[in-house]
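Just so we're on the same page: letters track the sequence lines, and every chain starts at 1. Note: hydrogens, waters and symmetry copies are ignored here, and every other heavy atom, side chains too, is used.
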Protein chains: 2
Amino acid sequence: MELDERNKRVLQAVIDSYIANGSPIGSNVLIKRYDFGVSSATVRNIMAELEEMGYLTHPHTSAGRIPTDLGYRYYIDSLISIENDSDDLEDQLRQVSDAPGLQGEDLEGLMQEASRFLATLSHCAGVVISPVEPEGRYKHIEFVRLRGRQVLLIFVTSTGMVQNKLIDLDESITQHDLNYFSAYLDEELEHWTLADIRQRLLDKLQEEKLLFGRLMEETYRASQEVHERDAEKVYIGGASQVMESPEFANVEKMRTLFKAFEDKYKLLKVLDRSVAADGIKVFIGSENPLYEMQGCSMVVGSYRAGTNIIGTLGVIGPTRMQYKQVIHVVDYTARLLSRLLGERYQRGLDR
Amino acid sequence: MELDERNKRVLQAVIDSYIANGSPIGSNVLIKRYDFGVSSATVRNIMAELEEMGYLTHPHTSAGRIPTDLGYRYYIDSLISIENDSDDLEDQLRQVSDAPGLQGEDLEGLMQEASRFLATLSHCAGVVISPVEPEGRYKHIEFVRLRGRQVLLIFVTSTGMVQNKLIDLDESITQHDLNYFSAYLDEELEHWTLADIRQRLLDKLQEEKLLFGRLMEETYRASQEVHERDAEKVYIGGASQVMESPEFANVEKMRTLFKAFEDKYKLLKVLDRSVAADGIKVFIGSENPLYEMQGCSMVVGSYRAGTNIIGTLGVIGPTRMQYKQVIHVVDYTARLLSRLLGERYQRGLDR
DNA sequence: ATTAGCACTCTATGTCAAAGAGTGCTAATT
DNA sequence: AATTAGCACTCTTTGACATAGAGTGCTAAT
């Protein structure tokens with residue numbers, strides 16, 4: 001699959017041009033816009049060659065060429081240079097990332113803001129998955145008696161994540177007893193990892209069928225739920241951006257995409273799985289792991305706390321997107337989010 | 001604006017028919033489908049009359065009639081009978097509302113589920129605004145020392161709402177001191193309403209510039225934030241449903257609508273304001289308080305805890321929607337949500 | 001190996017006619 | 001006086017057809 005220099009240049013020109021204008025591009029237009037030093041007939045031959053290799057195609061005989069998914073693949077792997085970005089974009093990035101909202105305290109707000117940030121700068125839908133906290137360990141459980149048999153359970157991890165659950169007991173219990181039980185759990189569970197405490201609770205539960213049996217049981221169940229519910233959340237921002245691009249003039253296509261957006265769980269799985277490794281990944285059209293999105297492309301990256309990858313983010317848009325810019329935006333946002341969350345996690349450390 | 005019985009029947013027939021089929025309806029089709037006991041010519045005269053009164057219009061001379069917004073208004077106010085619903089819908093409602101998801105513990109999940117419930121049954125986008133809790137009173141504040149100068153503040157109301165905030169102190173503080181301060185606050189603030197405790201904290205803050213000055217200050221700030229952040233949230237479910245209806249084949253129109261969906265704050269204001277009163281409200285086309293939605297209709301209602309209205313919910317869809325069914329669905333969902341939340345609030349009471 | 005030239009293909013656009021749906025008016029009927 | 005039959009008129013939709021334009025692919029010449 002080696003392409004000589006000239007063929008590469010033609011392929012690049014076709015794809016650049018198609019990305020910019022969205023219309024199939026023919027040999028005449030091509031030599032007018034780019035200077036290859038050869039005639040249109042030669043370009044035609046080259047294009048035919050590229051088509052045979054699977055990088056280009058044309059919608060019908062008398063139309064110009066457009067890239068195939070394979071063509072885009074080659075383009076991204078070998079042809080685009082990430083370095084020479086327009087300063088324009090760089091400025092815009094810095095400007096927008098200084099705006100308020102990204103600085104806010106609220107994790108939820110930050111996620112939402114980040115997804116919107118991605119969307120506005122990439123003109124695609126922005127997707128951010130909230131961080132998992134691999135460092136999280138048991139810190140504290142608090143029980144608050146609300147009314148009668150209703151008790152609020154509050155679960156705190158060492159990273160400051162808080163989850164709560166309402167439980168109904170069979171019989172009333174005093175706040176004093178609750179405090180006692182809480183102190184007991186704190187002692188037994190301190191510093192254990194989130195994964196481990198469930199087992200430990202289970203052990204305790206079987207070991208001693210004591211006064212707090214029922215409460216213990218509920219605590220166990222809660223810890224399980226906390227584990228499940230804390231499963232990462234998916235934030236989608238600026239979905240309406242994708243409606244801008246003419247490829248989605250077809251309403252049916254768009255509906256499929258938006259349906260996929262609504263099934264956040266599926267999206268989560270796909271995004272989570274696909275970004276085990278480092279760096280930015282691009283899924284083009286049919287490469288897309290989600291069937292509903294095979295007409296789209298996805299550019300995804302990951303953000304981290306220290307050395308650990310703690311979350312995923314990216315954009316979803318038409319296959320014909322400005323890959324160069326979008327890759328840069330995703331990369332930038334990933335770093336930005338890493339920094340912002342890093343601040344958050346580090347801030348309280350002893351200095 | 002009095003219409004005689006026959007005119008009413010014709011208007012109703014036209015609107016019913018248009019809602020069902022989406023195509024303008026002419027005099028011939030009308031007399032074939034409904035039996036008025038008069039000829040098409042007479043019906044034509046009646047239609048012309050209705051048009052002059054502003055209830056009907058036609059897209060061009062040789063097309064049939066379609067309802068105007070005013071026509072829909074009259075239809076909803078005077079012509080549709082809510083009672084005689086199809087048993088079909090009733091069955092469907094009961095069936096879907098028994099499904100899991102609506103029973104879950106998580107408030108956030110419940111809201112999301114409810115919005116989806118509305119969407120699937122109405123074939124419109126479902127909107128639910130999370131409840132404000134007028135009954136909420138101070139219950140407990142817990143401080144958890146995470147690392148060094150970082151302290152997690154957890155705020156609990158009597159209704160079981162939990163909010164948390166991370167604060168950075170200037171100097172380290174022991175968990176023991178934090179517990180002391182927490183106990184102090186519990187004593188000082190117990191049973192006060194959420195609105196009042198902020199003032200009370202402020203008083204305390206000025207009164208005693210003691211050891212906990214900084215902590216108190218942060219607590220005050222947190223209480224303020226909690227108040228603001230707890231502002232109702234907007235949940236939109238099944239937005240892709242509206243793409244089904246042919247009136248949104250126009251992508252530009254759809255984009256406007258989806259942009260409006262993204263600006264949840266605006267949506268919140270409008271929905272909140274419009275449902276001060278009781279019962280179901282319908283906004284038709286240009287009646288819509290949101291400019292971006294003037295091509296749409298909104299059916300909104302409110303849900304309650306006891307006698308207090310605590311939240312709003314509804315659907316947004318094309319002006320040509322199945323009002324009768326949709327109104328019923330919104331009403332049903334409002335009651336359902338009232339019941340589910342009622343259970344939640346009541347469950348812990350002493351029995 | 002490159003290129004000029006040309007036949008060929010397919011789309012996009014515009015025009016035209018015919019069919020169909022529906023109206024509004026008039027004159028006749030009840 | 002209200003209703004109706006009848007008819008001319010209007011406007012959209014559809015399909016057929018011609019034309020212009022863009023672009024290819026092939027062949028033969030360079």
[N] [atom2] sits how many Å from [X] [atom1], rounded?
X	N	atom1	atom2	value
A:K32	D:dG23	NZ	C1'	12 Å
A:H60	D:dG21	NE2	C1'	12 Å
B:L30	C:dG22	CG	P	10 Å
B:I31	D:dA5	CD1	P	9 Å
B:Y18	C:dG22	OH	P	14 Å
A:R6	C:dT3	CZ	P	8 Å
A:I66	C:dT11	CD1	P	14 Å
A:N45	D:dC26	CG	C1'	10 Å

**Asked** If we call it a pair only when both distances are under 3.5 Å in a Watson-Crick or G-U wobble match, what pairs with D:dT30?
**Response** C:dA1
**Asked** Using purine N1 to pyrimidine N3 plus N6-O4 or O6-N4 for Watson-Crick, or N1-O2 and O6-N3 for G-U wobble, each under 3.5 Å, what pairs with C:dC6?
**Response** D:dG25
Among [options], which nucleotide sits nearest the side chain of [X]?
X	options	answer
B:H58	C:dT23, D:dA5, C:dC10	C:dT23
A:S62	C:dT23, D:dG25, C:dT9	C:dT9
A:R44	C:dT23, C:dC6, D:dT4	C:dC6
B:S39	D:dT4, D:dT12, D:dT10	D:dT4
B:A41	D:dG21, D:dG25, D:dA5	D:dA5

**Item:** 5' precedence on DNA chain D between A:S27 and B:V38 (nearest-nucleotide basis)
**Value:** B:V38
**Message:** Under 4.0 Å, counting only non-hydrogen atoms across every strand here, what does A:S40 touch: a base, just sugar-phosphate, or nothing?
**Reply:** nothing
**Prompt:** Can you tell if the side chain of A:L121 reaches within under 4.5 Å of the side chain of A:Y332, non-hydrogen atoms only?
**Reply:** no
**Message:** I want to check something: taking the side chain as every heavy atom from C-beta on, are A:S115 and A:V127 in contact at a cut-off of under 4.5 Å?
**Reply:** no
**Prompt:** Is there a side-chain polar atom (N or O) of B:R65 under 4.0 Å from OP1 or OP2 of C:dT23?
**Reply:** yes
**Asked** How close do A:Y34 and A:A13 get, heavy atom to heavy atom, and via which atoms?
**Response** OH-O, 3.6 Å
**Fill in**
In terms of heavy-atom contacts, B:I316 and B:C124 come closest through O-CB, 3.2 Å
**Message:** For A:D69, is there an ion pair with A:R73 - N to carboxylate O distance below 4.0 angstrom?
**Reply:** no
**Complete:** Assert: residue with more 5' nearest nucleotide on DNA chain C, out of A:T61 and B:A63, is A:T61
